[in-house]
Amino acid sequence: MNQESKPETKQHEVKRIVLNTIIISGVFTVVISLLLLFNFMQLTLNDPIESETMKALVERLSADLNNEQLREEIRSFDLIVRKAYFTGKWQIEIGGLLLLLGGIVLVIALRYYSKITSAIEEPEQEPIKQQTSRILASRWLLGLGAFVIVFALVASLLSIDHLNKYEEHVEEAISPASTVEVVDLFTETPTEQQAEQTETAPVETSTEIAETPASVPAQAASTYPSLADIQKQYNTFRGPLGHGISPAKNPPMSWDVESGENILWKVDIPLKGYSSPVIWNEKLFVTGANNDERWVYCYNSNTGEMLWQQQASNIPGSPATAPRTTDDTGLAAPSVVTDGKHVVAIFGTGDIIAFDMDGNRLWARNLGVPDNHYGHSSSLMAWKQFVIVQFDSNRQGRMLTVDIRTGESIWDIQRSSNISWASPILIEVDGKMQIVTTTEPTVAGYELETGKELWKVDCMMGEVGPSAGYGNGLIFAANEYATLAAIDPKDGKIVWQDNYYLPEVSSPVVADGMVFIATTYGVFAAFDVHSGNMYWEADFNDGFY
């Protein structure tokens, strides 16, 4: 009798464990489902955007454009909106994964429980009523499991659907330009010289159909500009290698558009964009865009005369409908890059296009439509034949290089980091060029020729907009709510950190043994590059963006 009872006891022990697993996974799944439904109800009943509040703030600002305190309130409210969005997004993603895990465990446990229950005793030894009860109990368990899974899926889908609507509301809430009066800085009567330039300036447009990169013949090896040549120009966002240092001497310390003080010339740009001017000798490049058109403009940097304008159109793979972007980013946020022979531009549609210095189209392609809730804003960087594109999205981190002569990809890597709006910079370490990027949560260095990761430091958080600064052999990365970190690019180790003053968008700049930080709340500060000790701070009425 003892020998016969051992397997039966073991079977009942297994049955008990499986039953406990069913109960635990079922309760777990129900709790997660209820939390997701509660999250959905909270988003529906207590919308964290409070669009009426934003509307009221914007209306007050439109009536008092010089109210700095009100501007700061809107900035703070904007930060709350963005935090609410990303917190909700994180909760939905984690909740969905937990639901999936709990549901899988529950289904497997229910199936196994049904199997071992029927195998423990032979049916003929069991009374008919008991068999019927067992069958009904099993069906109830299976039905309950199915109900829990469906219930969980409905909760998750409802929450995700509301979050998508919430994202659209966020974009509207943080883009007050549609309700704030825009003051045109160029409303004065142009001088006779400017009027003459406007009348006589030649304007060229392009109707050329783009060739695919593979069909563009590779140009013969050309002489690329040296570092000394580049340092005499302002060839990309934040100048040579993206360090924020200008070669210009004796710049004006003040200027005024209205009075004309220290204003050499001014022109209206046909389509707006947030790209920065890029200059090579007498040619200045900017971009502009709307949902229907994307353009590259070239002006004479000495006179303001438009030399040429070319449209980025007829590009294979370009989306028929432009992706949604916030009004303070748009589709022309990234700045162009030039090496004195080529000028390359990228837009928020994922279109990248190259011209020669006279505006003749060389190549164009689409890199994929960016999944970016503000809009793509990382500017281009170039060294020799490499055009560096930091192309992060909400789905994954990505960086690639294309040949400046043909547009063909040289290398294309996926990265474990999250989305970033910062731009890459270049630094020279032991005679070799490194690409340095800042994302959430990583500051990292990459080999220019291959894209190989050389080092990385996880020290950033939040929505990363500032690019890195470089000087005295150290990388300086900073972001609001994270840290200001001095990093040695030879080994990727942090030399020092400080979190007293941090930028939200403005990038660190290094000069004369000091690293400079500019904040959105109007503080400008200088730190020692080696120790991190603060030399001085200055408070301004206007924030730095």
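Start at 1 with the first residue, then count along the sequence.
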Between P240 and I245, is there a side-chain heavy-atom distance shorter than 4.5 Å?
no
Using a 4.5 Å cut-off on heavy atoms from C-beta on, say whether the side chain of I487 contacts that of V443. yes
In terms of heavy-atom contacts, L502 and Y521 come closest through N-OH, 3.7 Å
Side chains of W295 and E293: any donor to acceptor distance under 3.5 Å? yes
_Could you check whether any side-chain heavy atom of L367 comes within less than 4.5 Å of a side-chain heavy atom of I346, counting everything from C-beta outward?_
yes
Please check: side-chain N/O of S409 versus main-chain N/O of W411, any donor-acceptor pairing under 3.5 Å? no
Exercise: do Y374 and R324 side chains pair donor with acceptor under 3.5 Å: no
- Query: Does a side chain donor of either S318 or D351 reach within less than 3.5 Å of an acceptor in the other side chain?
  - Reply: yes
By side-chain contact (heavy atoms from CB on, under 4.5 Å), V286 pairs with (sequence neighbours left out) I269, S275, P277, L284, Y297, Y299
* Asked: For V296, does its backbone N or O pair with a side-chain atom of Q310 as donor and acceptor, under 3.5 Å?
  -> no
Taking every heavy atom of P334 against every heavy atom of T287, the minimum-distance pair comes out as O-OG1, 3.9 Å
Does the ring centre of Y234 sit less than 6.0 Å away from the ring centre of W280?
no
All heavy atoms of R294 vs all of A322, minimum pair found to be NH1-CB, 4.4 Å
Residues F540, V523; criterion side-chain contact (heavy atoms from CB on, under 4.5 Å); working and verdict
CA-CA 6 Å; F540 293 84; V523 174; over 6 Å; no
**Side chains of F386 and D403 in contact at under 4.5 Å (non-hydrogen atoms)** = no
Checklist entry - Can you check whether P225's main-chain N or O pairs, donor with acceptor, with D339's side chain at less than 3.5 Å? => result no
Requested in this report: Scan side-chain atoms only and decide if T406 and W363 contain a donor-acceptor pair under the 3.5 Å cut-off.
Outcome: no
Exercise for review: Please say whether more than 12 non-hydrogen atoms of neighbouring residues, nucleotides or ligands are located less than 6.0 Å from CG in D256.
Suggested key: yes
query = Is there a donor-acceptor pair under 3.5 Å between the side chain of T325 and the backbone N or O of T329?
reply = no
Nearest heavy-atom contact between P319 and T349 is CD-O, 3.7 Å
Value for CD1 (I425) from CZ (F476), rounded to nearest 0.5 Å, stands at 10.5 Å
Q.
Is the shortest side-chain heavy-atom distance between D327 and K272 below 4.5 Å?
A. yes
Checklist line | Validation row: L331, N290 side chains within 4.5 angstrom (heavy atoms) | finding: no
R365 side-chain N/O to G407 backbone N/O, donor-acceptor pair under 3.5 Å: yes
Heavy-atom nearest pair, N479 first then M461, reads ND2-O, 2.9 Å
Exercise. Would you tell me whether N372 and W421 have side-chain atoms, one donor and one acceptor, within less than 3.5 Å of each other?
Key: yes
Trace of the side-chain contact (heavy atoms from CB on, under 4.5 Å) decision for V278 with F237: CA-CA 7 Å; V278 165; F237 177 59; 5.8 Å; no
Review point. When you measure from the side chain of S301 to the backbone N and O of E282, does any donor-acceptor pair fall under 3.5 Å?
Key: yes
The reported gap from CD1 in I475 to CD1 in I427 (rounded to nearest 0.5 angstrom) is 3.5 Å
A382 and L426 have their tightest heavy-atom pair at O-CD1, 3.9 Å
Exercise. Do M381 and S423 have side chains that get closer than 4.5 Å, going by heavy atoms?
Worked result: no
Taken in chain and number order and not counting sequence neighbours, the residues that satisfy salt bridge (charged side-chain N to carboxylate O under 4.0 Å, His left out) with K283 are D358
Please examine the side chains of M399 and I435, heavy atoms only from C-beta on, and report whether any two atoms are closer than 4.5 Å. yes
Taken in chain and number order and not counting sequence neighbours, the residues that satisfy ring pair (Phe, Tyr, Trp, His ring centres under 6.0 Å) with Y545 are none
Does the side chain of R238 pick up a donor-acceptor pair with the side chain of S335 at under 3.5 Å?
no
D412 meets the salt bridge (charged side-chain N to carboxylate O under 4.0 Å, His left out) criterion, sequence neighbours left out, with R398
For this session: List the steps, then state whether side-chain contact (heavy atoms from CB on, under 4.5 Å) holds for M460 with T483.
Result: CA-CA 7 Å; M460 294 289 103; T483 188; 3.8 Å; yes
Q. Donor-acceptor pair, S226 side chain versus D229 backbone, under 3.5 Å?
A. yes
For this session: Classify the side-chain pair E305/N300 by whether it contains a donor and acceptor separated by less than 3.5 Å.
Result: no
Residues pairing under side-chain hydrogen bond (donor to acceptor under 3.5 Å, both in side chains) where one sits in residues 246-255, two or more places apart or in two chains, turn out to be S254-E261
Here the gap from L448 atom CG to I388 atom CD1, rounded to the nearest 0.5 Å, amounts to 5.5 Å
Could you give me the CA-CA distance, side-chain angles and deciding distance for L380 and V336, then say whether side-chain contact (heavy atoms from CB on, under 4.5 Å) is met? CA-CA 6 Å; L380 301 173; V336 308; 5.8 Å; no
Donor-acceptor pair, distance only, cut-off 3.5 Å: does the side chain of S420 make one with the backbone of T438? yes
Would you say D392 and Q390 are linked by a side-chain donor-acceptor pair, where the criterion is simply a distance under 3.5 Å? yes
CZ of F516 to OH of Y501, rounded to nearest 0.5 Å, is 15.5 Å
Between the side chain of S467 and the main-chain N/O of A422, is any donor-acceptor distance below 3.5 Å?
no
- Please confirm whether the backbone N or O of T338 pairs with a side-chain atom of N235, one donor and one acceptor, at under 3.5 Å? yes
| Distance-only side-chain donor-acceptor flag, T442 / R415, under 3.5 Å | no
Taken to the nearest 0.5 Å, the spacing of F285 CZ from M357 CE works out to 3.5 Å
Residues passing the ring pair (Phe, Tyr, Trp, His ring centres under 6.0 Å) test with F391, sequence neighbours excluded, are H376
Rounded to the nearest 0.5 angstrom, the CG-OG1 distance for D292 and T321 is 9.5 Å
